There are 2 protein chains.
Amino acid sequence: MVTLEDVARHAGVSLATASRVLNGSTRQVGASLRAKVEQAARQLGYRTNVAAQTLARGASNVIGLVVHDLTDPYFAALADGAMRVAEEQGLMVMVATTHRDPEREIAYVATLNAQRVRAVLLAGSRIANPGVTRRLREELDRYRATGGRIACVGQDLLGADTVAPGNAEGAAELARSLAGLGHRRFAVLAGPPWLITAQDRVSGFTGALAGLGLPAPQLVHGTFDRDGGYRAAAEVTDATCVFAVNDVMAVGALASFRDRGIRVPQDVSVAGFDDIATLRDLVPSLTTVRLPLSDMGARALELALGPSEEAQEPRTERVSGEVVLRGSTRGLTPQG
Amino acid sequence: MVTLEDVARHAGVSLATASRVLNGSTRQVGASLRAKVEQAARQLGYRTNVAAQTLARGASNVIGLVVHDLTDPYFAALADGAMRVAEEQGLMVMVATTHRDPEREIAYVATLNAQRVRAVLLAGSRIANPGVTRRLREELDRYRATGGRIACVGQDLLGADTVAPGNAEGAAELARSLAGLGHRRFAVLAGPPWLITAQDRVSGFTGALAGLGLPAPQLVHGTFDRDGGYRAAAEVTDATCVFAVNDVMAVGALASFRDRGIRVPQDVSVAGFDDIATLRDLVPSLTTVRLPLSDMGARALELALGPSEEAQEPRTERVSGEVVLRGSTRGLTPQG
DNA sequence: GACCTCCTGGAAAACGATTGCCAATCTTGC
DNA sequence: GCAAGATTGGCAATCGTTTTCCAGGAGGTC
């Protein structure tokens, strides 16, 4: 294991000089010594020991990213955006997946705190559970107290900088668009009642329908994934249009209808949310609300790394979704 | 910033005792002191400084994972499997995405070496470029020389433990299955010529056709992603069955045919490779070769962490793919 | 030529843990 | 009741950097 001391000795300089040459420093080093050190480092195959560097500097070059599930393209896209920014800044990314277990989320924040990561990004919906949220906040506060930076993608519930997708607004806009196509009787595949992202999308959707004087939609709860959409779709009765609160659930719904011989969009229209890139080639192509996921991930990291602005209010940056009408929804004659 | 020394003082014990209580040690500590230390740690909100721990122990609790692109579900599935094992072992995962740039891959290995990660997992196809491969090997050797462990998913080209999918064999088996359906004239959307995974799948496929006495397929090269499949499909002439060397390309091919009014499978059959979970709900559902991606990622990490078996030959573990015939391919009458 | 400033190089003190060794106490077998 | 052995606690060295401070030399000004 080659250490900086080896390099210094080999180059005939002091430890301090070697350090100044090889790792950024404000101090200048004379050209001849500088060359000697660089050559010695190359010859010996020296690699900085980042642990020692982190210890000495008191700051690491790592950021932590906590997501629910990397195989969910939603989180993969967020992660991709965050990693793009991280690379630009010369930072490494430590990824933790909670698989939707809030306890694990808390534990990972503690672990990332122990790692003294520069910033923690929390992606994914908060859950409506005051006890868990309080303990997560405590853990985050502990982290923040020692200089840690935090940003979230999702709801502004943790007193941290947040990139907040316009879930309610996007769903409302979608509801109005679908109503504009002539739909009157809706069902919502609503996901888990405790998931705030799901809640917001449901309430935005139903609120907009109410605003148009339309009857309340049928709500079917279930899991937030493909199978949840599949199962929930089977319980839909008497609707011309089904809104699944995310694209992956919409895919499940499409499969469910297909398996039962119900045609989309002829017999029922289906809409989702997120506009996952991998799913854009579905047939029928999915009407949805587009979120700029990769940019949201990137933006969240930028927020976290931005100027600390001590004691200032945490910033919340709203991102609005854009309704994209595609083949999975069809227009109805006014008589429906 | 609470340090172990603060905890020790607060508990009225020595640094050594506090360390032994709070971080695993073979040494026993008496019950009363142990309780005092634990309480002090809790009260003060102590979090181990992992950088210091890593430095003192000379070993970190982090593994590095190098992938091409996290938004590609292939890599997401591999990463998911690796992270499952990592969590079981109490390790954190640092993820680096190369976006298929081999220079970045080399640079990331150097960075992960500097981080003194316990193991590096290299996922994704090697490229057929001796110069780059040599420099990557040099960097890996440097890492290995200091005790680093390495495993790959893909080709056994780096002298490291490898989980090697049976690309050639799987493609050959697929070719035989498709021939069994009556197909005689094939096209292969072959991806980039320098990508070894793509090469292997192409050669396995064409080899099997030759073995059956069938004419060589039309080869169309292109990028390894959805758009590559889309574009390559447009150049196919006179084939009853198209093999895209991965599922994502097959999705592009399906879209291309659809856009041009060519029906799948009535007018042409399409097959892919990998059996990506997110794409299982496509219509027509994709004939493909299933790889246990998540398990492969998990296995790779297990190999890397396994007993070091000094100077032993690197182990290569073969994983075979399983042909899954689905709706995107149809049987032809013997006359074709 | 004296004095001051600026610049470069090195010695040594952190940074926050782990752990080898020694000493003190407690068991245990006789 | 005592020696030998087993436990337990603490001191201090160590891990590989960064960075503060100090010393010496070069260059500039009066």
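These figures come from a predicted structure and were not determined experimentally.
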Report summary line: Applying side-chain contact (heavy atoms from CB on, under 4.5 Å) to B:Glu87 and not counting sequence neighbours gives A:Arg104, A:Tyr108
Query raised in the report: From A:Leu303 CG over to A:Ile150 CD1, what is the distance, rounded to the nearest 0.5 angstrom?
Result: 13.0 Å
Pick out the pairs of N or O atoms, protein on one side and nucleotides 19-28 of chain D on the other, that lie under 3.5 Å.
unit_1, atom_1, unit_2, atom_2, d
D:dC21, N4, A:Arg27, NH1, 3.4

Query raised in the report: Roughly how far, to the nearest 0.5 Å, is the CZ atom of A:Arg47 from the OG1 atom of B:Thr146?
Result: 10.0 Å
Query raised in the report: Does B:Arg116 or B:Gln28 map to a spot on DNA chain D nearer the 5' end, using the closest nucleotide for each?
Result: B:Gln28
Query raised in the report: Which nucleotide of DNA chain C is the first, and which the last, in the 5' to 3' direction, to come under 4.0 Å of a heavy atom belonging to chain A?
Result: C:dT8 to C:dG16
Requested in this report: Would you tell me whether A:Thr316 and A:Asp156 have side-chain atoms, one donor and one acceptor, within less than 3.5 Å of each other?
Outcome: yes
Requested in this report: Just call it for A:Gly30: base, sugar-phosphate, or nothing, with non-hydrogen atoms closer than 4.0 Å on any strand.
Outcome: sugar-phosphate
**Report entry** Non-hydrogen side-chain atoms of A:Val50 and A:Arg57 separated by less than 4.5 Å
**Finding:** no
Query raised in the report: Got a sec, which residues hit salt bridge (Lys or Arg N to Asp or Glu O under 4.0 Å) with B:Glu317, two or more places apart in sequence or on another chain?
Result: B:Arg299
Query raised in the report: Per the side-chain contact (heavy atoms from CB on, under 4.5 Å) rule, which among B:Leu78, B:Leu301, B:Val319, B:Val67 passes with B:Val153?
Result: B:Leu78
Query raised in the report: When rounded to the nearest 0.5 angstrom, what distance separates CD in B:Glu103 from CD1 in B:Ile106?
Result: 5.0 Å
Query raised in the report: How long is the span from the CD atom in B:Glu38 to the CD atom in B:Gln43, to the nearest 0.5 Å?
Result: 12.5 Å
Query raised in the report: Strictly by modelled atom types, are A:Gln155 and A:Thr197 linked by a side-chain donor-acceptor pair under 3.5 Å?
Result: yes
Query raised in the report: So which of residues 2-10 of chain B are in contact with DNA chain D, with a heavy-atom cut-off of under 4.0 Å?
Result: none
**Report entry** Pair B:Thr54-B:Arg116, side-chain donor/acceptor within less than 3.5 Å
**Finding:** no
Query - Net bend of the helix from C:dG1-D:dC30 to C:dC30-D:dG1, end axes of five pairs each, nearest 10 degrees - result: 30°
**Report entry** Separation of A:Arg135 CZ from A:Leu140 CG (nearest 0.5 Å)
**Finding:** 12.0 Å
Requested in this report: Take atom CG of B:Leu55 and atom C1' of D:dT18, then tell me their distance rounded to the nearest Å.
Outcome: 12 Å
Query raised in the report: At under 4.0 Å between heavy atoms, what does B:Val50 touch on the DNA or RNA strands: base, sugar-phosphate, or nothing?
Result: nothing
Requested in this report: Provide the closest heavy-atom pair for A:Arg84 versus A:Ala298 in the form atom of the first, atom of the second, distance.
Outcome: NH2-CB, 3.5 Å
**Report entry** Sugar-phosphate only, base, or nothing, as touched by B:Thr54 at under 4.0 Å among non-hydrogen atoms
**Finding:** nothing
